[in-house]
Amino acid sequence: MPELPEVETTRRGIAPLIEGRRIDRVLVRDGRLRWPVPAQLNQLLGGQTVRAIERRAKYLIFRTDCGSMLVHLGMSGSLRILPAITPPEKHDHVDWILGPDCLRFRDPRRFGAVLWTDQPAERHIRLCNLGPEPLSEDFDGRYLYACGQRRQVTVKQLLMDGSIVVGVGNIYANEALFRAGIRPTRPSHRIALSRYQRLAGQVQAVLREAIAQGGTTLRDFQREDGRPGYFRIQLKVYGRAGEPCLICETRLRQLRIGQRASVYCPDCQR
DNA sequence: AAATTCTCCTGAAGGC
DNA sequence: TGCCTTCAGGAGAATT
């Protein structure tokens with residue numbers, strides 16, 4: 001499932017091939033995504049040049065002279081660049097045609113979104129209430145500590161709250177907590193500043209490592225077979241419930257916090 | 001205002 | 001082999 005590193009990897013993969021190019025037309029085969037794809041998307045985007053592709057949280061922002069398109073990959077979404085003549089397959093919902101090429105959106109579970117705004121993108125309702133980027137200077141242990149002090153939630157819920165910090169999904173929340181030695185169930189207001197500093201550092205570290213590994217397969221974005229080329233970093237706890245901790249060999253436990261699977265080592269994480 | 005629960009969807013995995 | 005059930009999950013919406 002695309003988390004921040006996958007979205008950033010996607011951005012880096014397609015940006016060099018899309019930025020500066022003109023969209024001839026947009027083909028919406030099935031606009032029933034998280035929200036309906038704007039019916040006028042073809043009229044709005046047709047003939048427009050993509051000036052830049054940026055990212056905010058897990059949203060990709062395609063900037064043009066008359067507005068911005070936001071794309072969210074949801075849980076199962078992907079963007080690939082293919083020859084425009086490539087026949088679409090099941091779940092290939094939207095095509096952006098650029099000369100001989102096609103940027104194609106596939107999303108089997110349709111939790112993704114394609115939105116449009118003619119206002120500055122950062123003012124969009126989906127973007128204007130988000131917390132800081134985890135890899136920005138606005139995010140550090142002191143900030144997390146301050147947020148945690150005034151809330152009554154578990155530290156895992158704090159990490160996954162997009163109004164606190166964006167882009168930390170279930171997988172990386174689990175991994176960062178393990179690396180920081182903090183139990184996902186610990187109340188956010190009962191963690192020392194020094195441990196929050198360690199946690200913030202591990203959030204950044206695991207995201208940076210994942211992005212770095214994604215970068216090794218960027219060329220895949222041009223491949224006709226469309227293999228996504230997403231990295232698979234070594235996950236130390238996520239998906240390993242019942243297996244031995246890689247540090248101490250204690251059986252990893254799993255429980256649910258706010259409908260989300262949480263895996264941790266009862267010995268290493270306190 | 002903050003916290004919790006519900007919701008969308010479909011592929012994968014498990015049970016029999 | 002195949003049908004049925006359960007589960008996973010990003011994040012906004014609804015509810016408490």
Side-chain angles (χ1 to χ4, degrees), chain A residues 1-11 28-38 55-61 70-79 88-94 105-117 123-134 144 146-177 184-190 203 207 210 226-228 230 232 235 237-243 252-264:
Chain A
M1 57 248 38
E3 296 213 33
L4 186 148
E6 287 90 337
V7 178
E8 179 61 20
T9 296
T10 296
R11 189 191 71 77
V28 181
R29 287 189 204 82
D30 187 345
R32 297 173 303 162
L33 301 182
R34 174 94 203 249
W35 298 280
V37 175
R55 179 187 59 75
R56 175 74 173 105
K58 294 177 186 171
Y59 285 91
L60 289 169
I61 305 170
L70 306 182
V71 175
H72 197 293
L73 301 179
M75 281 202 44
S76 57
S78 64
L79 287 170
E89 296 178 23
K90 194 179 180 184
H91 307 308
D92 287 342
H93 303 314
V94 184
F105 178 77
R106 170 180 297 182
D107 187 5
R109 294 185 189 177
R110 293 198 272 115
F111 278 17
V114 177
L115 305 170
W116 174 263
T117 178
R123 227 174 288 168
H124 192 276
I125 181 90
R126 297 290 155 235
L127 303 186
C128 65
N129 293 316
L130 296 174
E133 288 287 325
L144 255 193
C147 292
Q149 285 296 100
R150 34 184 146 82
R151 312 199 88 212
Q152 294 284 334
V153 292
T154 67
V155 61
K156 180 154 183 274
Q157 290 171 310
L158 187 76
L159 270 187
M160 293 181 65
D161 184 336
S163 67
I164 303 291
V165 59
V166 301
V168 184
N170 196 38
I171 294 175
Y172 294 114
N174 278 300
E175 295 299 312
L177 286 164
T185 49
R186 178 161 285 275
S188 67
H189 55 96
R190 292 192 51 231
V203 167
L207 291 176
R227 283 225 327 252
Y230 291 152
R232 269 301 146 229
L235 299 177
V237 285
Y238 183 82
R240 295 194 63 243
E243 295 178 42
L252 298 179
R253 287 189 196 156
Q254 174 161 330
L255 45 75
R256 299 189 75 76
I257 301 173
Q259 329 285 60
R260 292 291 173 271
S262 304
V263 189
Y264 68 100

Worksheet item: Ignoring hydrogens and geometry, is there a side-chain-to-backbone donor-acceptor pair from A:R29 to A:D92 under 3.5 Å?
Response: yes
Practice prompt. Using modelled atom types only, decide if a donor and an acceptor are shared between the side chain of A:E6 and the backbone of A:E3 within a distance under 3.5 Å.
Written response: yes
Worksheet item: To the nearest 10 degrees, what angle separates the axes at the start and end of the helix from B:dA2-C:dT16 to B:dC16-C:dG2, five pairs each?
Response: 50°
Worksheet item: Would you say the side-chain atoms of A:N174 pair up with the backbone N or O of A:A261, donor to acceptor, closer than 3.5 Å?
Response: yes
Fill in: Presence of A:K90 side-chain N/O under 4.0 Å of B:dT10 phosphate oxygens OP1/OP2
no
Practice prompt. Verify, without hydrogens or angle tests, whether A:S188 (side chain) and A:R151 (backbone) share a donor-acceptor contact under 3.5 angstrom.
Written response: yes
Discussion item. So A:R256, base contact, sugar-phosphate only, or nothing? Heavy-atom distance under 4.0 Å.
Written reply: sugar-phosphate
Item to complete: Take atom CG of A:L73 and atom C1' of B:dC8, then tell me their distance rounded to the nearest Å.
Response: 17 Å
Worksheet item: Between A:F105 and A:H93, what is the ring plane arrangement, given parallel below 30°, perpendicular above 60°, and tilted in between?
Response: tilted
Practice prompt. Mind calculating the distance between CD (A:E89) and P (B:dG11) to the nearest angstrom?
Written response: 13 Å
Fill in: Interatomic distance, A:R109 CZ vs B:dC9 P [rounded to whole Å]
13 Å
Item to complete: For the pair A:V237 and A:E175, evaluate side chain to side chain contact (heavy atoms under 4.5 Å, CB included) and give the outcome as yes or no after the intermediate values.
Response: CA-CA 6 Å; A:V237 285; A:E175 295 299 312; 3.3 Å; yes
Worksheet item: Are A:H91 and A:D30 close enough that some pair of their side-chain heavy atoms sits under 4.5 Å apart?
Response: no
Fill in: Whole angstrom value for the distance that separates P of B:dC8 from CG of A:D107
16 Å
Fill in: Rounded interatomic separation in angstrom, taking CE from A:M75 and P from B:dG11
12 Å
Discussion item. Looking at every non-hydrogen atom in both residues, tell me the closest pair between A:P134 and A:V203 and how far apart they are.
Written reply: CB-CG1, 4.3 Å
So which protein nitrogen or oxygen atoms get under 3.5 Å of nucleotides 1-4 of chain B's nitrogens or oxygens?
residue : atom : partner : partner atom : Å
B:dA3   : OP1  : A:Q152  : N            : 2.4
B:dA3   : OP2  : A:R151  : NE           : 3.3
B:dA3   : OP2  : A:R151  : NH2          : 3.0

Item to complete: Side-chain contact test, heavy atoms from C-beta onward, threshold under 4.5 Å: evaluate it for A:R56 versus A:E133 and give yes or no.
Response: yes
Worksheet item: Within this structure, what is the NZ-to-P distance between A:K156 and C:dG10, rounded to whole angstrom?
Response: 9 Å
Response to the item:
All heavy atoms of A:L159 vs all of A:V168, minimum pair found to be O-CB, 3.6 Å
Response to the item:
Whole-Å distance, A:F111 CZ to B:dC8 C1', equals 5 Å
Check: protein-nucleotides 11-15 of chain C nitrogen or oxygen pairs below 3.5 Å:
residue : atom : partner : partner atom : Å
C:dA11  : OP1  : A:H72   : NE2          : 2.6
C:dA11  : OP2  : A:K58   : NZ           : 3.2
C:dA11  : N6   : A:R260  : NH2          : 3.1
C:dG12  : OP1  : A:Y59   : OH           : 3.4
C:dG12  : O4'  : A:R34   : NH1          : 3.4
C:dG12  : O4'  : A:R34   : NH2          : 2.9
C:dG12  : O3'  : A:R126  : NH2          : 3.4
C:dA13  : OP1  : A:R126  : NH2          : 3.1

Discussion item. Can you confirm whether more than 12 heavy atoms, excluding those of A:R253, are under 6.0 Å from its CZ atom?
Written reply: no
Worksheet item: Roughly, in whole Å, what's the span from CG in A:D30 to P in B:dT10?
Response: 9 Å
